[in-house]
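Working notes, beginning with the structure itself.
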Amino acid sequence: MFRSGELPAGERLAAADELFGRSVLPMRLVSQADGVFEATVRHVDLASMKVVELAATPAAMLRTPRLIRRADPEVLSVILSLNGGLVVSQSGRETEVGRDQLALYDSSLPFRIGVATGDGTTTVVSAHVPRAQMELPLAGLGRLLARPLPAGRGSGFGGLLTQLLTDVTGEPGDHRPVDLVRMGSIAHDLLTAVVAHHLDAETAVPDDARHRALLLRIDSFVRKQLHDPTLSPATIAAAHHISVGHLHRLFGPRGTTVAAWIRRQRLERARRDLADPALRELPVHRIATRWGFTGHSTFTRAFRAAYGTAPQDYRHQAAAAPGHE
């Protein structure tokens with residue numbers, strides 16, 4: 001963690017510049033307003049992926065030919081902004097990256113990244129992966145550099161990658177070291193999938209990585225559709241343009257069926273609602289309907305089988321537990 005506020009105003013920019021010069025991807029940090037420069041930098045190590053969160057007043061990160069000659073980690077990087085004010089320039093292109101977008105850049109080519117292009121502070125998250133680990137033919141990568149790529153909700157792999165990176169930088173202390181390693185593997189697969197999708201090279205992605213990325217998309221889709229009683233293996237398969245048989249094979253290593261996994265997710269959401277003091281007046285049958293159960297008796301039997309007690313009894317037990325308001 002680096003906080004410029006811990007330093008005298010006149011030393012902040014130089015200290016941040018030195019930090020970026022010693023980073024995984026060496027670069028210069030410059031600002032025309034060094035007297036009022038503010039920055040907070042957080043590094044998170046996800047094993048195969050290095051993640052950096054930067055919150056700064058107007059500044060620019062520069063990767064010059066001299067720096068490239070001095071040291072090139074040969075990484076592919078992705079960057080996104082949490083609140084606007086991000087411009088990425090590389091390979092003769094300059095693009096403004098919106099809040100629901102991300103951009104790629106390459107350590108082997110000069111670039112300029114403008115942060116906080118307006119007033120105030122902008123927070124950006126970047127991640128770096130060695131190109132050799134991408135397991136993709138990267139001959140066409142150049143056409144993706146410094147271009148805005150979709151990364152909002154519902155945008156597929158880009159949206160999932162954004163969600164994961166913002167989560168891991170938001171509260172990194174909540175994750176155990178083994179969790180960070182797993183998240184790094186997932187993020188690596190998602191970045192590979194993003195690149196493959198925009199290069200029309202999905203078939204070049206190794207089967208394991210492609211299957212893991214597809215499962216992440218399916219998981220996200222199911223969680224958003226749990227309220228829909230018509231959610232089924234058939235509707236999930238259709239939404240992802242795969243066969244029902246392929247869907248079942250994807251779930252095979254999990255040791256459960258698709259229908260059982262959906263039911264478990266619904267039961268867990270219902271259990272949380274039953275324990276929520278704010279929902280104490282909401283009838284049990286309304287909670288069941290809220291999470292896609294079409295019959296109260298069906299919900300009660302499933303809940304009892306999963307948690308060993310009836311929904312109403314569970315609600316009473318939760319209300320009586322110490323610390324429950």
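On a predicted model such as this, the values are computed, not experimentally measured, just so you know. For the single chain, residues carry numbers from 1 onward in sequence order.
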| Can you check side chain to side chain contact (heavy atoms under 4.5 Å, CB included) on Leu80 and Leu86, steps first, answer last? | CA-CA 8 Å; Leu80 55 99; Leu86 174 64; 5.7 Å; no
| task | For Val129 and Val75, run side chain to side chain contact (heavy atoms under 4.5 Å, CB included): C-alpha distance rounded to whole Å, both residues' side-chain angles, the deciding distance at 0.1 Å, then the answer. | result | CA-CA 5 Å; Val129 176; Val75 297; 6.0 Å; no
| query | Going through the checks in order, is the side chain to side chain contact (heavy atoms under 4.5 Å, CB included) test met by Ile113 and Val115? | reply | CA-CA 6 Å; Ile113 298 175; Val115 178; 4.3 Å; yes
| request: Please report the C-alpha distance between Arg131 and Ser108 in whole Å, then the side-chain angles of each, then the deciding distance to 0.1 Å, and finally whether the side-chain hydrogen bond (donor to acceptor under 3.5 Å, both in side chains) criterion is met. | output: CA-CA 10 Å; Arg131 290 196 306 270; Ser108 300; 3.1 Å; yes
| query | Between Thr309 and Gln317, is a side chain to side chain contact (heavy atoms under 4.5 Å, CB included) present by the stated rule, with each step listed? | reply | CA-CA 10 Å; Thr309 186; Gln317 294 165 10; 3.7 Å; yes
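Val181 and Val168 end up in different hydrophobic clusters when Ile, Leu, Val, Met, Phe, Trp and Tyr side chains are linked at under 4.5 Å. Placement of Val78 and Leu109 within a single hydrophobic cluster is found when ILVMFWY residues are connected by side-chain heavy-atom separations under 4.5 Å, directly or transitively. Clustering ILVMFWY residues whenever any of their side-chain heavy atoms sit less than 4.5 angstrom apart, transitively, puts Leu191 in the very cluster that holds Leu199. Clustering ILVMFWY residues whenever any of their side-chain heavy atoms sit less than 4.5 angstrom apart, transitively, puts Val24 in a cluster other than the one holding Val44. Leu19 and Ile79 fall within the same hydrophobic cluster, defined by Ile, Leu, Val, Met, Phe, Trp and Tyr side-chain heavy atoms under 4.5 Å apart, directly or through other members.
Under the 4.5 Å side-chain criterion, counting only non-hydrogen atoms from C-beta, Leu54 is in contact with Met61. Put simply, the side chain of Arg263 reaches to within 4.5 Å of the side chain of Leu267, judged on heavy atoms. Side-chain contact between Glu94 and Val88 is absent, with no heavy atoms from C-beta onward closer than 4.5 Å. Using a 4.5 Å cut-off on side-chain heavy atoms (C-beta onward), Arg290 and Leu282 make contact. Considering only heavy atoms from C-beta on, Leu165 comes within 4.5 Å of Met49 through its side chain. Side-chain contact between Thr122 and Val124 is present, with heavy atoms from C-beta onward closer than 4.5 Å. Proximity of Leu250 to Ile242: side-chain heavy atoms (C-beta onward) are separated by under 4.5 Å at one or more points. Between Thr192 and Leu190, every side-chain heavy-atom pair lies at or beyond the 4.5 Å cut-off.
Side chain of Ser4 to main chain of Ala39: a donor-acceptor pair is present (N/O by atom type, distance under 3.5 Å, no hydrogens or angles). Looking only at distances, a side-chain donor or acceptor of Asp17 sits under 3.5 Å from a matching main-chain atom of Leu29. One N or O on the side chain of Arg63 and one on the backbone of Pro26 form a donor-acceptor pair closer than 3.5 Å. With Gln90 contributing its side chain and Asp106 its backbone, the two residues share a donor-acceptor pair below 3.5 Å. Put simply, the side chain of Thr95 never gets that close to the backbone of Val97: no donor and acceptor are under 3.5 Å apart. Side chain of Arg42 to backbone of Val52: no donor-acceptor contact under 3.5 angstrom is found. Listed for the Arg93 side chain is a donor-acceptor partner under 3.5 Å among the backbone atoms of Leu145. Between the side chain of Gln101 and the backbone N or O of Gly98 there is at least one donor-acceptor pair closer than 3.5 Å. With hydrogens and angles disregarded, no donor-acceptor distance shorter than 3.5 Å links the side chain of Thr40 to the backbone of Ala55. Formation of a donor-acceptor pair under 3.5 Å by the Thr235 side chain with backbone atoms of Leu231 is not found in this model.
Separating the OG atom in Ser77 from the OH atom in Tyr105 is a distance of 4.0 Å, to the nearest 0.5 Å. Rounding to the nearest 0.5 angstrom, the gap separating the CG atom in Asp100 from the OG atom in Ser81 is 10.5 Å. Annotation: the span from Leu67 atom CG to Thr64 atom OG1 amounts to 3.5 Å, rounded to 0.5 Å. Note that CG of Leu141 and CG of Leu104 are 6.5 Å apart. Values are rounded to the nearest 0.5 Å. A distance of 9.5 Å separates CZ in Phe2 from CD in Glu18, rounded to the nearest 0.5 Å. Between Leu214 atom CG and Asp189 atom CG the span is 11.5 Å, to the nearest 0.5 Å.
Closest non-hydrogen pair, Asp72 versus Ser107, comes out as OD1-OG, 2.7 Å. Across Ser126 and His128, no two heavy atoms sit closer than the pair OG-NE2, 3.8 Å. Across His296 and Val284, no two heavy atoms sit closer than the pair CE1-CG1, 3.6 Å. Considering all non-hydrogen atoms of both residues, Pro150 and His198 come closest at CD-CE1, 3.8 Å. Gly158 approaches Leu102 most closely through the heavy-atom pair O-CD2, 4.1 Å. Between Arg266 and Leu226, the shortest heavy-atom distance links the atoms NE-O, 3.0 Å.
Glu38 and Thr57 are not linked by any side-chain donor-acceptor pair at a separation below 3.5 angstrom, with hydrogens and angles left out of the test. In this model, no donor atom of one side chain and acceptor atom of the other lie less than 3.5 Å apart for Asp219 and Trp261. A donor atom on one side chain and an acceptor atom on the other are not found under 3.5 Å apart for Thr123 and Asn83.
For the pair Arg264 and Glu268, the salt-bridge criterion is not met [side-chain N within less than 4.0 Å of a carboxylate O].
Using bins of under 30°, 30° to 60° and over 60° for the plane-to-plane angle, the ring pair Tyr307/Tyr314 lands in the tilted bin.
Heavy-atom neighbours of Arg269 CZ from other residues, nucleotides or ligands within 6.0 Å: above the threshold of 12. Residue Glu96 places its CD atom among 12 or fewer non-hydrogen atoms of other residues, nucleotides or ligands, all under 6.0 Å distant. Heavy atoms of other residues, nucleotides or ligands lying less than 6.0 angstrom from CZ of Arg223 number more than 12.
Residue Val30 is found in a hydrophobic cluster whose other members, listed by chain and number, are Leu62; membership requires side-chain heavy atoms under 4.5 Å apart, directly or through intermediates.
Residues Phe221 and His240 bring their aromatic ring centres within 6.0 Å.
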